[in-house]
Amino acid sequence: MIDKVVDGFGAALAGMKDGDTLLCGGFGAVGEAFALVEAVIGLGVRDLTVVCNNAGSGLVGVAALLKSGKARRLICSYPRSLDPTVIDELYARRAIEIELVPQGTLSERMRAAGAGIGGFFTRTGADTNLAEGKELREIDGKLFVFEKPLPGDFALIKAHRADRWGNLVYRKAARNFNPVMAMAGKVTVAQVGEIVELGTLDPEAIATPGIFVDRVVLA
Amino acid sequence: MIDKVVDGFGAALAGMKDGDTLLCGGFGAVGEAFALVEAVIGLGVRDLTVVCNNAGSGLVGVAALLKSGKARRLICSYPRSLDPTVIDELYARRAIEIELVPQGTLSERMRAAGAGIGGFFTRTGADTNLAEGKELREIDGKLFVFEKPLPGDFALIKAHRADRWGNLVYRKAARNFNPVMAMAGKVTVAQVGEIVELGTLDPEAIATPGIFVDRVVLA
Amino acid sequence: MRPLSRRQMAWRCAQDLGDGQYVNLGIGMPTLVSDYLPPDREIVLHSENGILGMGGAPKPGEEDPDLINAGRGKATLLPGGSFFHHNDSFLMIRGGHIDVSIMGAYEVSAAGDLANWATDGDTRAPGVGGAMDLAAGAKEVRVLMEHNGKDGSKRIRDVCTLPLTAKGCVTRIYTNLAVLDVTRDGVVVREMIEGLDLETLQKLTEPKLVLSKDWKRIGTPNLQ
Amino acid sequence: MRPLSRRQMAWRCAQDLGDGQYVNLGIGMPTLVSDYLPPDREIVLHSENGILGMGGAPKPGEEDPDLINAGRGKATLLPGGSFFHHNDSFLMIRGGHIDVSIMGAYEVSAAGDLANWATDGDTRAPGVGGAMDLAAGAKEVRVLMEHNGKDGSKRIRDVCTLPLTAKGCVTRIYTNLAVLDVTRDGVVVREMIEGLDLETLQKLTEPKLVLSKDWKRIGTPNLQ
């Protein structure tokens with residue numbers, strides 16, 4: 001029997017190791033798996049790479065993880081927020097490496113990883129200094145830049161409801177990066193608000209089929 | 001006011017011209033917009049390129065269009081069906097060009113067109129004779145082939161329900177290629193079984209947001 | 001001469017949006033455009049965080065924590081709206097499905113180059129967000145910005161001095177002084193505020209301006 | 001010696017599928033595997049036309065015209081199943097999310113090369129379907145085929161003679177005579193049918209066979 005529901009964050013994060021890349025869902029604070037991400041801090045793993053659209057806000061979730069010093073590197077599009085104290089302080093003393101990626105390219109690179117695509121050409125950023133050092137190609141008279149897949153060792157995502165097969169539905173704009181990160185994580189862990197009986201979720205409206213989800217934790 | 005619902009196939013197909021590429025949805029007979037595709041025959045346009053997973057079955061839909069001689073070229077993955085009389089006969093007398101594309105690559109090439117991707121590397125087919133003449137690249141020790149976007153002048157798709165904004169939902173496995181073709185069509189026309197009041201479709205379950213749809217026709 | 005307020009600028013910008021257009025509003029001043037959409041037109045707002053058919057701000061007490069716009073303000077959904085994931089959202093942007101992107105800017109060049117993500121001497125970590133995707137992917141990019149910097153510096157330039165967001169993408173600029181089109185024949189002045197003449201505007205603008213034959217005064221309601 | 005029937009082959013193949021595995025069944029004989037999934041395991045069937053959690057054939061009268069499998073037979077959906085579009089379906093395949101792909105084949109080489117889409121002298125238009133995607137993308141590819149062609153030709157070859165579907169992808173072969181693993185040490189015989197010896201099997205097979213130390217007889221129920 002398939003039962004992806006695990007008991008507690010220890011089981012949810014089992015197997016995480018030094019140097020892992022974590023894909024952390026959410027846009028601003030919406031759709032971010034605060035408790036799950038914060039549970040990483042206590043694991044004793046370090047030199048993590050955190051992939052997240054932003055860099056957390058205040059002292060919770062991704063911001064708390066960054067503040068803990070466990071992450072060596074942040075891959076993001078917009079490390080600013082309503083309360084950017086943590087990232088601003090880390091950046092000021094160069095205590096974290098930042099790789100800045102345009103938001104759509106960030107999403108597409110994760111999708112490529114999840115989809116078995118070896119890389120793709122996009123016009124986004126091609127004629128900017130974010131393309132420095134990257135392969136450029138003119139296609140149909142327009143300049144494109146080559147971007148590589150961005151897989152995660154873990155995807156730490158948030159969803160509204162799940163069933164024991166790991167099927168997920170989200171709520172409104174809390175969907176954002178979570179489905180694409182689920183595709184790109186070698187181990188995808190979903191923090192969910194509710195676990196429902198198998199067969200309850202509308203098969204036409206499941207936003208993340210369980211094939212992309214390894215563990216579900218209620219929080 | 002936005003009202004994408006048009007009256008009849010003439011309005012649905014307005015602007016189609018010689019040499020156009022038509023993306024025709026469906027897998028086997030399921031999810032194919034039979035009546036809409038058949039309406040192309042009477043337009044007087046020719047030298048069409050038809051993109052379709054199969055090549056139609058029997059004498060309806062895509063099979064009827066191919067039989068009419070209006071199409072010069074077929075891009076497909078599997079031109080076989082329960083009743084392949086039309087395509088077998090056309091192929092036997094070399095009356096149609098066929099470009100064979102692996103099914104996932106066919107879908108991904110259309111997505112690339114809809115997503116503004118200039119091309120991508122895939123392992124699918126890289127070490128086969130379908131990669132002949134294409135750019136090959138070794139990425140992380142594995143062989144990939146470069147594939148280009150495949151846009152359509154028209155996408156002729158089928159959906160279950162629509163609203164006047166062109167939002168679409170499908171029914172079960174009749175979804176198949178239709179959403180990705182909607183993304184890749186310069187003009188996307190959806191043949192639907194029912195038109196519902198705006199706001200009726202569940203915003204969490206709209207499979208094709210109206211931004212991808214230009215015209216809706218009831219049939 | 002009285003420069004337009006931010007709300008007047010947003011109002012003016014909103015008037016050019018057509019019935020049925022899909023429009024993305026950038027963070028900052030462009031967000032205000034949603035308050036002035038012409039009521040006789042259906043304009044579908046796209047938000048990069050996975051929303052089409054976004055409505056205005058919710059009434060007090062009706063805010064939904066899971067329904068925010070790209071600037072993280074609380075939002076609503078109109079009938080006909082839909083939710084989708086980030087990848088589909090940027091597929092819409094990159095794939096040319098968005099008719100108009102309205103963004104703020106630091107600088108725009110005479111060739112329509114856009115610089116709106118990095119400034120000189122920013123001590124904070126750089127942030128680009130979705131600006132490069134929108135600049136490269138939207139069918140049309142319109143800029144909404146103060147005509148000059150707070151220090152009086154020129155922001156419509158012969159060549160941008162700041163890092164680019166994309167080349168040759170901007171077609172129209174709405175400032176607190178004028179409405180200008182970026183064309184092959186140069187930067188064309190379509191509208192100026194009451195009391196402003198071309199000579200004065202030229203002094204505030206680096207590239208040589210062309211006055212449109214049918215130029216007119218910007219008329220906006222009194223919005224502060 | 002009595003070669004396995006097609007249903008016996010499908011039954012044998014089904015016994016190796018594990019609880020919780022995501023499995024794609026190719027058209028033709030592999031479709032029969034769904035009839036023999038061990039009832040004590042939950043195995044999630046993926047169908048390339050956008051289904052996860054596909055069930056068996058519907059009862060007469062309960063067929064749904066919009067619910068078919070990849071071979072266009074009528075299908076059902078299990079509780080927990082879901083529908084999605086073709087692009088997501090092949091993202092699952094290409095991205096390595098499918099644990100096991102079971103396909104038919106014309107030929108398999110000692111290196112695990114697969115040839116299952118084009119034959120010599122086919123007068124019909126060629127069709128590849130999703131075979132190349134599955135062969136390149138699934139975590140594991142298992143082949144279900146008659147050990148020899150109708151003309152007695154060898155189908156397990158040193159090198160494939162027919163156009164390839166993908167190189168080095170096949171890990172296990174189920175035939176009407178044996179179960180064989182494709183390994184770095186060669187093609188290893190794990191099981192043979194009652195009455196068959198290695199010498200006889202070798203004559204029907206091109207690459208040099210290795211008999212596994214713990215080889216055994218295939219035991220299957222009597223299925224025609």
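Residue numbering restarts at 1 for every chain, and letters A, B, ... go by the order of the sequence lines.
In the displayed structure, Asn129(B) atom CG is contacted under 6.0 Å by more than 12 heavy atoms of other residues, nucleotides or ligands. Other residues, nucleotides and ligands contribute more than 12 heavy atoms inside 6.0 Å of the CG atom of Asp122(C). Enclosure of atom NZ in Lys148(B) is not indicated, since only 12 or fewer non-hydrogen atoms of other residues, nucleotides or ligands lie within 6.0 angstrom. Annotation: Arg46(B), atom CZ; neighbour count of heavy atoms from other residues, nucleotides and ligands within 6.0 Å does not exceed 12. Remark: Lys142(B) NZ is loosely packed, at most 12 non-hydrogen atoms of other residues, nucleotides or ligands lying under 6.0 Å away. No more than 12 heavy atoms of other residues, nucleotides or ligands shown are found within 6.0 angstrom of NZ on Lys167(C).
Trp165(B) and Tyr22(C) make their closest contact through O-OH, 3.9 Å (heavy atoms, listed as atom of the first residue, atom of the second, distance). Nearest heavy atom pair, residue Ile206(B) against residue Ser82(C), reads CD1-CB, 3.8 Å. Looking at every heavy atom in both residues, Gly80(C) comes nearest to Asp163(B) through CA-OD2, 4.3 Å. For the pair Met92(C) and Pro209(B), the tightest heavy-atom approach, listed with the atom from each and the gap, is CE-CG, 3.8 Å.
Taking OG1 of Thr208(B) as the start and CZ of Phe84(C) as the end, the distance is 11.5 Å to the nearest 0.5 Å. Separating the CG atom in Leu198(B) from the CD atom in Glu42(C) is a distance of 6.5 Å, to the nearest 0.5 Å. Taken to the nearest 0.5 Å, the CG atom of Leu91(C) stands 5.0 Å off from the CZ atom of Phe212(B).
With a threshold of 4.5 angstrom between heavy atoms, Leu77(C) approaches chain B through side-chain atoms but not through N, CA, C or O. Contacts of Ile211(B) with chain C are made by both backbone and side-chain atoms, with heavy-atom separations under 4.5 Å.
Note: Met1(B) leads Lys4(B), Glu204(B), Met1(B), Arg111(B) in heavy-atom pairs under 4.5 Å with chain C.
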